Student: 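So that we are looking at the same thing, I have put the structure below in structure tokens.
Just so it is clear, the model here is predicted, and its values are computed rather than measured. Chain letters run A, B, ... following the sequence lines, proteins first and then strands; every chain starts at 1.
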Protein chains: 2
Amino acid sequence: MSCYMEERIEKIREQLHNRSYKLTPQREATLRVLLENEEDHLTAEDVYLLVRDKSPDIGLATVYRTLELMSDLSIIHKINFGDGVSRYEFRDEDAEHHHHHLICVQCGSVNEIHEDLLGEVEKSVSSNFHFKILDHRLTFHGICQKCQEAAEQNGTPVVKKANISG
Amino acid sequence: MSCYMEERIEKIREQLHNRSYKLTPQREATLRVLLENEEDHLTAEDVYLLVRDKSPDIGLATVYRTLELMSDLSIIHKINFGDGVSRYEFRDEDAEHHHHHLICVQCGSVNEIHEDLLGEVEKSVSSNFHFKILDHRLTFHGICQKCQEAAEQNGTPVVKKANISG
DNA sequence: ATCGATGCAAAGTGTTTGCAAGCCG
DNA sequence: CGGCTTGCAAACACTTTGCATCGAT
């Protein structure tokens with residue numbers, strides 16, 4: 001895992017150099033946080049706080065600038081669940097296109113679906129609407145398994161955490 | 001159309017009264033703007049400017065409060081295309097659930113798809129992930145027919161608008 | 001010496017809130 | 001009267017920007 005991470009960092013260093021950007025310590029620290037939390041969907045603030053644990057002198061603006069840059073270079077993905085905050089995650093190298101989110105309106109948890117659910121749907125949209133699809137966003141809002149179970153047992157939701165709404 | 005609009009306004013007035021809210025002149029003006037621009041996806045600012053044409057003394061905060069209220073009552077829908085601004089549109093009375101957006105990254109146009117594309121997908125998500133789906137958001141980002149045609153003819157996009165708006 | 005990258009603070013956006021005044025049953 | 005509504009301005013949360021400084025060519 002650690003080795004895998006070094007690999008990815010090196011690859012990104014190259015990508016940056018090829019476009020005459022530097023992989024500065026701050027940028028590297030930011031990327032490492034993102035890699036270490038690949039399962040989550042961190043906000044800029046989240047990233048900032050985590051980076052600061054290891055590199056206390058980094059500024060929030062730098063984190064924003066780094067995230068923006070990485071996003072422009074398609075190294076990471078900027079996503080938005082409609083709660084007014086941007087979140088960042090690593091782009092799947094292969095299946096970049098086929099990755100959706102399940103947001104629990106009860107506890108705020110976000111889970112991913114990695115299957116390609118939209119192959120057929122995209123085909124029909126392309127041909128029926130003459131729309132050339134480059135990307136898509138699919139999000140389901142609902143109740144996750146945990147909260148359903150909790151509700152069955154005692155009628156109380158697991159946690160009251162988020163208000164990700166549309 | 002005008003008559004249709006009165007009908008809808010009256011219906012909403014009732015809905016509000018049933019929940020002990022009033023359909024004040026400001027709220028009514030806001031709703032009328034939304035109804036008159038049902039095809040668009042207006043931001044709060046858009047709505048504010050349009051309302052002000054007819055009711056110059058309305059405040060932006062009132063527009064926000066009205067939109068929030070109508071959204072809470074599921075009379076309108078608050079949507080978010082990931083550009084950091086909330087947009088509002090009337091909720092389809094019947095097919096509330098099956099309505100997606102095609103956003104052109106070239107000219108910024110937003111078109112709607114009213115077909116239900118996700119019936120099968122939802123079934124498989126529900127059963128595979130034990131996730132109780134309440135709602136979903138599906139957005140395709142790509143190039144609309146117009147921009148494709150323009151590009152074929154002279155390599156130049158139709159408009160450079162950069163912003164996601166109607 | 002150059003030119004990008006950084007940290008800080010200030011400015012910017014879009015949205016929400018506190019509050020005194022207004023309206024209406 | 002008593003509650004919901006309103007307009008205004010101030011507060012807010014998140015993000016971007018200006019600028020002097022730093023650091024690696």
Side-chain angles (χ1 to χ4, degrees), chain A residues 12-13 15-31 33 41-52 54-73 75-76 78-88 108 162-166, chain B residues 12-31 41-52 54-73 75-76 78-88 162-165:
Chain A
I12 291 166
R13 188 193 307 279
Q15 285 179 61
L16 291 180
H17 276 150
N18 290 343
R19 312 219 211 175
S20 14
Y21 293 108
K22 297 168 201 160
L23 184 59
T24 62
Q26 290 91 333
R27 287 177 181 169
E28 188 175 331
T30 304
L31 286 167
V33 162
H41 305 86
L42 304 176
T43 65
E45 186 82 22
D46 293 338
V47 175
Y48 171 59
L49 293 173
L50 287 167
V51 171
R52 226 178 30 173
K54 299 188 176 169
S55 316
D57 287 338
I58 199 170
L60 178 56
T62 300
V63 171
Y64 270 104
R65 282 189 281 233
T66 300
L67 293 172
E68 185 66 25
L69 176 64
M70 299 302 157
S71 178
D72 286 349
L73 299 182
I75 291 170
I76 64 175
K78 186 178 187 173
I79 54 179
N80 195 304
F81 294 141
D83 58 347
V85 198
S86 293
R87 289 158 196 280
Y88 301 86
N163 58 344
I164 294 173
S165 66
Chain B
I12 292 165
R13 188 192 309 277
E14 236 179 84
Q15 286 180 61
L16 291 181
H17 276 151
N18 290 343
R19 313 220 212 175
S20 12
Y21 294 108
K22 296 168 200 161
L23 185 59
T24 63
Q26 291 90 332
R27 287 177 180 168
E28 188 174 331
T30 303
L31 285 168
H41 305 86
L42 304 177
T43 65
E45 185 82 24
D46 292 338
V47 174
Y48 170 60
L49 293 173
L50 288 166
V51 171
R52 225 180 31 174
K54 299 188 176 169
S55 316
D57 287 337
I58 199 171
L60 178 57
T62 300
V63 171
Y64 269 104
R65 283 188 280 233
T66 300
L67 294 172
E68 186 65 26
L69 175 65
M70 299 303 156
S71 178
D72 286 350
L73 300 181
I75 290 170
I76 64 176
K78 185 176 185 175
I79 53 178
N80 195 303
F81 293 141
D83 58 347
V85 198
S86 294
R87 289 155 197 283
Y88 302 85
N163 241 339
I164 299 174
S165 67

Student: I need the CG-C1' distance between A:Asp46 and D:dA13, as an integer number of Å.
Tutor: 14 Å
Student: Quick one: label B:Arg65 by what it contacts on the DNA or RNA (base, sugar-phosphate, nothing), any heavy atom closer than 4.0 Å.
Tutor: base
Student: With the side chain of B:Ala61 defined as its heavy atoms from C-beta on, choose the nearest nucleotide among C:dG14, C:dA9, D:dC8.
Tutor: D:dC8
Student: Nearest whole Å is fine: how far is D:dA24 P from A:His17 NE2?
Tutor: 12 Å
Student: So if I take every side-chain heavy atom of A:Arg27 and compare against C:dT16, D:dT15, C:dA5, which nucleotide ends up nearest?
Tutor: C:dA5
Student: Once you round it to whole Å, what is the distance between C1' of D:dT5 and OH of B:Tyr21?
Tutor: 12 Å
Student: Rounded to the nearest angstrom, tell me the gap between atom CG in B:Leu67 and atom P in C:dT16.
Tutor: 10 Å
Student: Does A:Thr43 reach a base, just sugar-phosphate, or nothing at all? Heavy atoms under 4.0 Å.
Tutor: nothing
Student: How close or far is atom P of C:dT16 from atom CD of B:Glu45, stated in whole angstroms?
Tutor: 13 Å
Student: Is the shortest side-chain N/O distance from A:Thr24 to OP1 or OP2 of C:dT6 below 4.0 Å?
Tutor: yes
Student: Tell me the interatomic distance from B:Tyr64, atom OH, to C:dT17, atom C1', rounded to whole angstroms.
Tutor: 14 Å
Student: Once you apply a heavy-atom cut-off of 4.0 Å, does B:Gln26 come out as touching a base, just sugar-phosphate, or nothing?
Tutor: sugar-phosphate
Student: Check whether any side-chain N or O of A:Ser86 sits under 4.0 Å from OP1 or OP2 of D:dC14, and answer yes or no.
Tutor: no
Student: Could you check how far CG of A:Leu60 sits from C1' of D:dT17, rounded to whole Å?
Tutor: 13 Å
Student: Measure CZ/A:Arg19 against C1'/C:dG4 and give the value in whole Å, please.
Tutor: 17 Å
Student: At what distance, to the nearest 0.5 angstrom, does CZ of A:Arg27 lie from CZ of A:Arg65?
Tutor: 9.5 Å
Student: Name the residue closer to the 5' end of DNA chain C, choosing between B:Lys22 and B:Glu68 according to the nucleotide with the nearest heavy atom.
Tutor: B:Glu68
